[in-house]
Amino acid sequence: MPNVPSFAELIADCHRSAVHLEMRDAYGVEDEADDFAAWKRGEPSVWAGPEWLDLVRRTVGRGVAMRRARVVSQPVTEYIRYEHAGTGLNVEAGESVRWLPRRLASDLALPGNDFWLFDDRLVRFGHFTGDGASAGHELNHEPAVIKLCASAFEAVWERGTPHEEFTV
């Protein structure tokens, strides 16, 4: 991938909103492996990590609305149960999170990849391998792509269930 700024750089340049749409049922991101294994042994999930939670607090504290929507299959995978178990920390830090069962998204136009949308001006797509490992990121400034992503996120958000009410 071309030189893509870090997430920290992108969020630092964000002034109004940062929204994230996740559509995979499992991720194999290397830096989560130890926490995922610990959670499977019965330890509490801290998948977000203190650095992420601090970033959320700082970002929300300067007036940026952070929202995350997840489209998930049901019954949910073990990985989604793990994510759900740790999401309360995100919410406490100021991120709003909703969940949408995949069967309720069949009539929505969704992009082919997870993404972050910053201030309705920049999309950062996340690419993953078949087993869920990160395969890099791609930025897109094209108005039609931004419109698609904004529309997709809002459609999922509108139908989604707030984290506090969603059970796995």
Side-chain angles (χ1 to χ4, degrees), residues 6-8 10-11 17-57 59-60 64-118 123-138 148-168:
S6 71
F7 184 83
L10 294 170
I11 200 75
S17 70
V19 302
H20 187 35
L21 182 60
E22 296 178 359
M23 298 177 286
R24 294 183 57 92
D25 285 320
Y27 295 85
V29 181
E30 190 173 316
D31 62 357
E32 294 175 349
D34 290 341
D35 187 58
F36 186 38
W39 175 81
K40 289 197 287 187
R41 290 190 304 269
E43 298 173 25
S45 173
V46 292
W47 73 271
E51 299 86 14
W52 173 256
L53 298 174
D54 288 343
L55 179 65
V56 170
R57 284 185 202 96
T59 303
V60 170
V64 176
M66 291 185 76
R67 297 184 294 157
R68 180 185 307 253
R70 293 182 172 130
V71 178
V72 296
S73 298
Q74 289 183 312
V76 300
T77 62
E78 185 174 40
Y79 185 87
I80 294 300
R81 285 196 318 274
Y82 159 70
E83 273 193 334
H84 188 271
T87 296
L89 296 172
N90 289 54
V91 173
E92 287 175 22
E95 185 176 4
S96 297
V97 180
R98 291 190 181 181
W99 303 79
L100 181 66
R102 191 172 311 281
R103 64 182 166 70
L104 300 179
S106 296
D107 61 340
L108 300 179
L110 301 174
N113 293 291
D114 291 7
F115 65 85
W116 277 94
L117 176 60
F118 301 97
V123 175
R124 177 185 174 226
F125 287 108
H127 298 293
F128 296 90
T129 64
D131 62 2
S134 177
H137 300 95
E138 172 188 0
L148 168 67
C149 291
S151 168
F153 180 86
E154 293 304 332
V156 170
W157 187 258
E158 182 179 307
R159 289 186 187 179
T161 301
H163 173 73
E164 300 81 2
E165 300 170 23
F166 189 78
T167 56
V168 295

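Keep in mind that what you see is a predicted model, and the values were worked out from it rather than measured.
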Query raised in the report: Is L21 close to L110 at the side-chain level, that is, under 4.5 Å between some pair of heavy atoms?
Result: yes
**Report entry** Side-chain donor/acceptor of T129 to backbone N/O of A133, under 3.5 Å
**Finding:** yes
Query raised in the report: To the nearest 0.5 Å, how far apart are CZ in R68 and OG in S96?
Result: 11.0 Å
Query raised in the report: Looking just at side-chain N and O atoms, do R70 and T87 make a donor-acceptor pair shorter than 3.5 Å?
Result: yes
**Report entry** CD (E158) with more than 12 external heavy atoms under 6.0 Å
**Finding:** no
Report summary line: Tightest non-hydrogen contact, residues E22 and Y27, listed as CB-OH, 3.5 Å
Requested in this report: Could you check if a side-chain atom of E78 sits within less than 4.5 angstrom of a side-chain atom of W39, using non-hydrogen atoms only?
Outcome: yes
Report task. First locate atom CG of N90, then atom CZ of R57, and finally report the distance between them rounded to the nearest 0.5 Å. Result -> 9.5 Å
Query raised in the report: Any idea which heavy atoms bring H84 and F166 closest together, and the distance?
Result: NE2-O, 2.7 Å
Query raised in the report: Is there a side-chain contact between W52 and F7 (heavy atoms, below 4.5 Å)?
Result: yes
**Report entry** Considering all heavy atoms, the nearest L89-L53 contact
**Finding:** O-CD2, 3.5 Å
Query raised in the report: How long is the gap from CG on L117 to OG on S151, to the nearest 0.5 Å?
Result: 11.0 Å
Report summary line: Smallest heavy-atom separation, A69 atom then V156 atom, equals CB-CG1, 3.6 Å
Identify all side-chain donor-acceptor contacts of residues 99-108 below 3.5 Å with residues at least two apart in sequence or on another chain.
residue	atom	partner	partner atom	Å
W99	NE1	H163	ND1	3.1
R102	NE	S73	OG	2.8
R102	NH1	M23	O	3.4
R102	NH2	M23	O	3.0
R102	NH2	D25	OD1	3.2
R102	NH2	D25	OD2	3.4
R102	NH2	V71	O	3.3
D107	OD1	R159	NH1	2.6
D107	OD1	R159	NH2	3.3
D107	OD2	R159	NH2	3.2

Query raised in the report: Any sub-3.5 Å donor-acceptor pair from R98's side-chain atoms to W157's backbone N or O?
Result: yes
Query raised in the report: Does CD belonging to E43 count more than 12 external heavy atoms closer than 6.0 Å?
Result: yes
Query raised in the report: By side-chain hydrogen bond (donor to acceptor under 3.5 Å, both in side chains), which residues pair with R124, not counting sequence neighbours?
Result: H137
Report summary line: Shortest non-hydrogen pair, W116 vs E95, comes out as CH2-OE2, 4.5 Å
Report summary line: Residues at least two apart in sequence or cross-chain that pass side-chain hydrogen bond (donor to acceptor under 3.5 Å, both in side chains) with D34, listed by chain then number, are none
Query raised in the report: Considering all heavy atoms of both residues, which atom of A18 and which atom of F118 are nearest to each other, and what is their separation?
Result: CB-CD2, 4.1 Å
Query raised in the report: What is the distance from atom OG1 of T77 to atom OH of Y82, rounded to the nearest 0.5 Å?
Result: 12.0 Å
